[in-house]
Trainee: 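This structure is in structure tokens; I'll ask about it shortly.
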2 protein chains.
Amino acid sequence: MKATYDALCKHGYSDLTIQRIGNEFPKSKSLLYHHYDSKDELLLDFLEFMLDELEGQMPAYRDGSADEHIADIVDRTFAFGNTENNPHFTQALLELRTQAAHDEDYREYFTRSDQFVRKHIAHTIRSGIEQGVFQEVDPQETAALFQIVFVGTMTQRVTSDDDDVLREGRAMFDQCLRARLLRPE
Amino acid sequence: MKATYDALCKHGYSDLTIQRIGNEFPKSKSLLYHHYDSKDELLLDFLEFMLDELEGQMPAYRDGSADEHIADIVDRTFAFGNTENNPHFTQALLELRTQAAHDEDYREYFTRSDQFVRKHIAHTIRSGIEQGVFQEVDPQETAALFQIVFVGTMTQRVTSDDDDVLREGRAMFDQCLRARLLRPE
């Protein structure tokens with residue numbers, strides 16, 4: 001999986017070949033070629049692996065206050081592809097996502113992965129309402145807006161040179177959440 | 001330009017060739033082949049034509065109340081690629097936008113087109129503040145959030161089968177704008 005990640009960062013989606021993933025692979029390349037018929041098969045397995053990792057990290061968030069957790073999610077959303085992630089990986093991820101426009105398997109994967117993330121955010125919102133830190137918003141609707149803002153920041157970051165958009169857009173998103181989500185103190 | 005639009009809708013970006021655009025072209029194909037060396041050259045001209053059209057439409061909005069105009073922009077943002085636009089065209093547009101991840105010319109174009117749209121929205125916000133219908137928000141920051149939500153809905157629509165996201169996300173975005181942007185009556 002490390003080999004796939006490295007090859008994706010280096011070549012992007014369109015110039016990627018199983019051969020090039022093999023070049024990053026320290027062990028038997030024949031094993032790799034034997035196992036996968038196409039790069040898409042391999043990439044879908046790679047995405048699946050990432051989703052498993054994400055699912056594994058999520059339970060750690062179950063404890064703690066919902067408002068801190070939501071602040072953390074906003075941080076990660078707007079930092080995505082900036083510091084903590086490799087920008088080339090974010091590019092490649094958008095290219096993979098764009099494949100979903102005409103490939104059923106990619107669309108099925110991203111639909112499922114979006115639903116997992118939304119479910120997790122909706123759960124956090126619900127906890128926040130129970131903890132009394134959030135107003136009585138609809139958890140599903142709030143999670144859906146987070147989802148749109150997340151894919152929006154990813155697309156914006158790798159397809160435009162205008163870095164102010166993310167910084168300024170975040171400032172307004174924070175204000176909106178404060179106005180609609182957080183309970184006035 | 002009609003031929004380029006039709007060919008893009010039919011074949012998407014990756015399967016597009018100048019030949020295929022020529023097939024949609026009623027007049028002299030040799031003219032087309034003579035004029036463009038690559039499909040990207042032609043597509044960048046096509047995008048430029050669309051931006052000119054958009055710029056031409058914008059002055060019509062200068063009159064009228066800012067809150068109605070913003071409501072119209074929200075409508076168009078969430079309807080984009082649904083009813084008024086051809087969904088295949090929205091797919092193709094995301095593919096073109098994704099090219100900006102590794103092509104300087106596309107990135108330059110989308111940066112410029114984003115800046116035009118943001119400038120127009122910031123102008124509308126400023127008018128609304130002057131008209132007394134909007135609260136004292138930062139026009140640039142508000143326009144930046146609209147930009148992120150716009151590319152987010154476009155990406156989400158064509159890469160995921162989950163139609164609820166756009167409907168639900170819009171409900172929360174409307175609430176956020178009501179809470180932060182609109183002046184309480």
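So that the names make sense, note that chain A is the first sequence line, chain B the second, and so on, each numbered from 1.
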Trainee: Quick one: donor-acceptor pairs between chain A and chain B, under 3.5 Å, side chains and backbone, table format.
Mentor:
{"residue": "A/Gln91", "atom": "NE2", "partner": "B/Ala101", "partner atom": "O", "Å": "3.1"}
{"residue": "A/Arg97", "atom": "NE", "partner": "B/Thr159", "partner atom": "OG1", "Å": "2.9"}
{"residue": "A/Arg97", "atom": "NH2", "partner": "B/Gln156", "partner atom": "OE1", "Å": "3.3"}
{"residue": "A/Arg97", "atom": "NH2", "partner": "B/Thr159", "partner atom": "OG1", "Å": "3.3"}
{"residue": "A/Thr98", "atom": "OG1", "partner": "B/Thr98", "partner atom": "OG1", "Å": "2.8"}
{"residue": "A/Ala101", "atom": "O", "partner": "B/Gln91", "partner atom": "NE2", "Å": "3.1"}
{"residue": "A/Arg107", "atom": "NE", "partner": "B/Asp161", "partner atom": "OD1", "Å": "2.8"}
{"residue": "A/Thr111", "atom": "OG1", "partner": "B/Asp161", "partner atom": "N", "Å": "2.9"}
{"residue": "A/Asp114", "atom": "OD2", "partner": "B/Gln156", "partner atom": "NE2", "Å": "3.1"}
{"residue": "A/Gln115", "atom": "NE2", "partner": "B/Asp162", "partner atom": "OD2", "Å": "3.0"}
{"residue": "A/Arg118", "atom": "NH1", "partner": "B/Asp162", "partner atom": "OD2", "Å": "2.6"}
{"residue": "A/Arg118", "atom": "NH2", "partner": "B/Glu168", "partner atom": "OE1", "Å": "2.9"}
{"residue": "A/Glu141", "atom": "OE1", "partner": "B/Gln175", "partner atom": "NE2", "Å": "3.4"}
{"residue": "A/Gln147", "atom": "NE2", "partner": "B/Gln156", "partner atom": "OE1", "Å": "3.0"}
{"residue": "A/Thr155", "atom": "OG1", "partner": "B/Thr155", "partner atom": "OG1", "Å": "2.9"}
{"residue": "A/Gln156", "atom": "OE1", "partner": "B/Arg97", "partner atom": "NH2", "Å": "3.3"}
{"residue": "A/Gln156", "atom": "OE1", "partner": "B/Gln147", "partner atom": "NE2", "Å": "3.0"}
{"residue": "A/Gln156", "atom": "NE2", "partner": "B/Asp114", "partner atom": "OD2", "Å": "3.2"}
{"residue": "A/Thr159", "atom": "OG1", "partner": "B/Arg97", "partner atom": "NE", "Å": "2.9"}
{"residue": "A/Thr159", "atom": "OG1", "partner": "B/Arg97", "partner atom": "NH2", "Å": "3.2"}
{"residue": "A/Asp161", "atom": "N", "partner": "B/Thr111", "partner atom": "OG1", "Å": "2.9"}
{"residue": "A/Asp161", "atom": "OD1", "partner": "B/Arg107", "partner atom": "NE", "Å": "2.9"}
{"residue": "A/Asp162", "atom": "OD2", "partner": "B/Gln115", "partner atom": "NE2", "Å": "3.1"}
{"residue": "A/Asp162", "atom": "OD2", "partner": "B/Arg118", "partner atom": "NH1", "Å": "2.6"}
{"residue": "A/Glu168", "atom": "OE1", "partner": "B/Arg118", "partner atom": "NH2", "Å": "2.9"}
{"residue": "A/Gln175", "atom": "OE1", "partner": "B/Arg180", "partner atom": "NE", "Å": "2.7"}
{"residue": "A/Gln175", "atom": "OE1", "partner": "B/Arg180", "partner atom": "NH2", "Å": "3.0"}
{"residue": "A/Gln175", "atom": "NE2", "partner": "B/Glu141", "partner atom": "OE1", "Å": "3.4"}
{"residue": "A/Arg180", "atom": "NE", "partner": "B/Gln175", "partner atom": "OE1", "Å": "2.7"}
{"residue": "A/Arg180", "atom": "NH2", "partner": "B/Gln175", "partner atom": "OE1", "Å": "3.0"}

Trainee: Which residue pairs pass the ring pair (Phe, Tyr, Trp, His ring centres under 6.0 Å) test with at least one member in residues 151-178 of chain B, sequence neighbours excluded?
Mentor: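 Qualifying pairs, neighbours excluded: B/Phe146-B/Phe173.
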Trainee: If I take atom CG from residue A/Leu182 and atom CD1 from residue A/Ile70, how far apart are they, to the nearest 0.5 angstrom?
Mentor: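 Taking CG in A/Leu182 and CD1 in A/Ile70, the distance rounds to 9.0 Å.
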Trainee: Which distance, rounded to the nearest 0.5 Å, do you find between the CD1 of B/Ile148 and the CZ of A/Phe150?
Mentor: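 Between B/Ile148 CD1 and A/Phe150 CZ, I get 12.5 Å after rounding to 0.5 Å.
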Trainee: Are B/Leu8 and B/Leu96 side-chain neighbours, meaning at least one heavy-atom pair lies under 4.5 Å?
Mentor: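 Yes. Closest side-chain heavy atoms under 4.5 Å.
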Trainee: Are any of the side-chain heavy atoms of A/Leu181 and A/Ile125 separated by less than 4.5 Å?
Mentor: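 They are in contact (side-chain heavy atoms under 4.5 Å apart), so the answer is yes.
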Trainee: Among B/Gly12, B/Ala92, B/Ala101, B/Ala179, which residue has the highest count of heavy-atom pairs closer than 4.5 Å to chain A?
Mentor: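 The option with the most such pairs is B/Ala101.
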Trainee: Taking ring pair (Phe, Tyr, Trp, His ring centres under 6.0 Å) as the test, write out the residues that go with B/Phe134, two or more places apart.
Mentor: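 Partners of B/Phe134 by the ring pair (Phe, Tyr, Trp, His ring centres under 6.0 Å) criterion come out as none, since no residue qualifies.
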